[in-house]
Amino acid sequence: EAYYANSTSASVSVPDRLTPNYNIEIGTVTIGSPVEITITSSMSDVVYAVTIDGVTQNVTDNKVTYTPETAGEYSIVVFNAKSNEYNAVSVSRTFATEKQYQFISIDVKKNVNIGDEVVFTVSGNQTPVVVKVNGLVNDEGKFTPANSGEYIISAEADENNEYYSDSIT
């Protein structure tokens, strides 16, 4: 039996370097509270770094914990340098925080007599809170009325990086 000559070939393309992909998952963001950021990579052995607003972050078990201190937008960047195995990659994502509303309350006994000490408690979710009795600053949390009449206790907190201003009377 006779056979005709035949040949075949196949080619395989092998890239010089691999290109990792990154996924950035950002947890619940609140000013002044830690947020957990999870980084996943398509290549388990690639060495990468993470910055938030240009500051290098510690990465532990593919997670970064970051506490935003002020309202605004934050930029997170995950990147790896070019190596013998991997192409350089940089992936960024932004997240934002907003100011929170303050909650101030005053707890005071309503009916008192002249000469009785009036003790009151002011509470809120931020400090400092300025407390006044009839327009005068009162840091003691108490006063003794010398005359009959209405005494107005007010509390206010100024706006800052975390909170909008609030006041209560």
Side-chain angles (χ1 to χ4, degrees), residues 3-107 120-132 137-141 153-169:
Y3 292 97
Y4 292 103
N6 188 6
S7 69
T8 185
S9 66
S11 67
V12 176
S13 177
V14 178
D16 290 342
R17 293 176 185 83
L18 300 172
T19 302
N21 293 313
Y22 296 103
N23 185 39
I24 303 169
E25 295 177 36
I26 300 171
T28 303
V29 180
T30 304
I31 296 172
S33 298
V35 58
E36 186 175 88
I37 301 165
T38 304
I39 316 301
T40 52
S41 171
S42 60
M43 314 277 171
S44 62
D45 60 342
V46 66
V47 177
Y48 61 88
V50 176
T51 63
I52 297 179
D53 286 348
V55 177
T56 301
Q57 304 296 309
N58 291 325
V59 180
T60 305
D61 296 328
N62 298 320
K63 295 182 188 306
V64 171
T65 301
Y66 183 76
T67 303
E69 298 297 333
T70 60
E73 198 167 271
Y74 293 82
S75 176
I76 180 170
V77 178
V78 177
F79 62 94
N80 65 274
K82 183 177 179 180
S83 68
N84 289 336
E85 288 183 71
Y86 299 107
N87 289 313
V89 174
S90 178
V91 176
S92 64
R93 184 160 174 209
T94 58
F95 62 95
T97 59
E98 294 181 4
K99 288 185 181 189
Q100 304 296 307
Y101 289 94
Q102 298 186 56
F103 303 99
I104 301 173
S105 64
I106 300 173
D107 184 33
F120 58 89
T121 305
V122 176
S123 58
N125 58 348
Q126 90 112 37
T127 57
V129 175
V130 177
V131 180
K132 296 179 181 178
V137 174
N138 181 308
D139 293 331
E140 298 177 12
I153 303 170
S154 63
E156 63 182 48
D158 291 333
E159 184 170 343
N160 62 28
N161 290 336
E162 292 183 53
Y163 294 97
Y164 293 110
S165 63
D166 191 25
S167 63
I168 187 171
T169 302

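Reckoned from all heavy atoms, side chains included, excluding hydrogens, waters and symmetry mates.
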Hits for side-chain contact (heavy atoms from CB on, under 4.5 Å) against T94, two or more places apart or cross-chain, chain-then-number order -> E73, S75
Rounding to 0.5 Å, atoms CD1 (I52) and OG (S92) come to a distance of 12.5 Å
When every non-hydrogen atom of V46 is compared with those of P20, the smallest separation belongs to CG2-CG, 3.9 Å
Residues passing the side-chain hydrogen bond (donor to acceptor under 3.5 Å, both in side chains) test with S105, sequence neighbours excluded, are S123
ring-ring contact (aromatic ring centres under 6.0 Å, His included) filter on Y66, not counting sequence neighbours, yields Y74
For N62, the side-chain hydrogen bond (donor to acceptor under 3.5 Å, both in side chains) test, sequence neighbours excluded, returns Y48
For residues 10-29, the salt bridge (charged side-chain N to carboxylate O under 4.0 Å, His left out) pairs (sequence neighbours left out) are none
By salt bridge (charged side-chain N to carboxylate O under 4.0 Å, His left out), K99 pairs with (sequence neighbours left out) E159
**OP:** Using modelled atom types only, decide if a donor and an acceptor are shared between the side chain of Q102 and the backbone of Q100 within a distance under 3.5 Å.
**Re:** no
Only distances under 3.5 Å count here; give the side-chain donor-acceptor pairs of residues 27-40 to other protein atoms, sequence neighbours excluded, each with its distance to 0.1 Å.
residue : atom : partner : partner atom : Å
T38     : OG1  : K63     : NZ           : 3.4

Residues at least two apart in sequence or cross-chain that pass side-chain contact (heavy atoms from CB on, under 4.5 Å) with V137, listed by chain then number, are V130, K132, D139
Result block: side-chain N/O donor-acceptor pairs under 3.5 angstrom for residues 76-89, not counting sequence neighbours:
residue : atom : partner : partner atom : Å
N80     : OD1  : Y22     : OH           : 2.7
N80     : ND2  : N87     : O            : 3.0
S83     : OG   : E85     : N            : 3.2
S83     : OG   : Y86     : N            : 3.0
Y86     : OH   : D45     : OD1          : 2.3
Y86     : OH   : D45     : OD2          : 3.4
N87     : ND2  : T19     : OG1          : 2.7

Nearest heavy-atom contact between A71 and T97 is CA-OG1, 3.2 Å
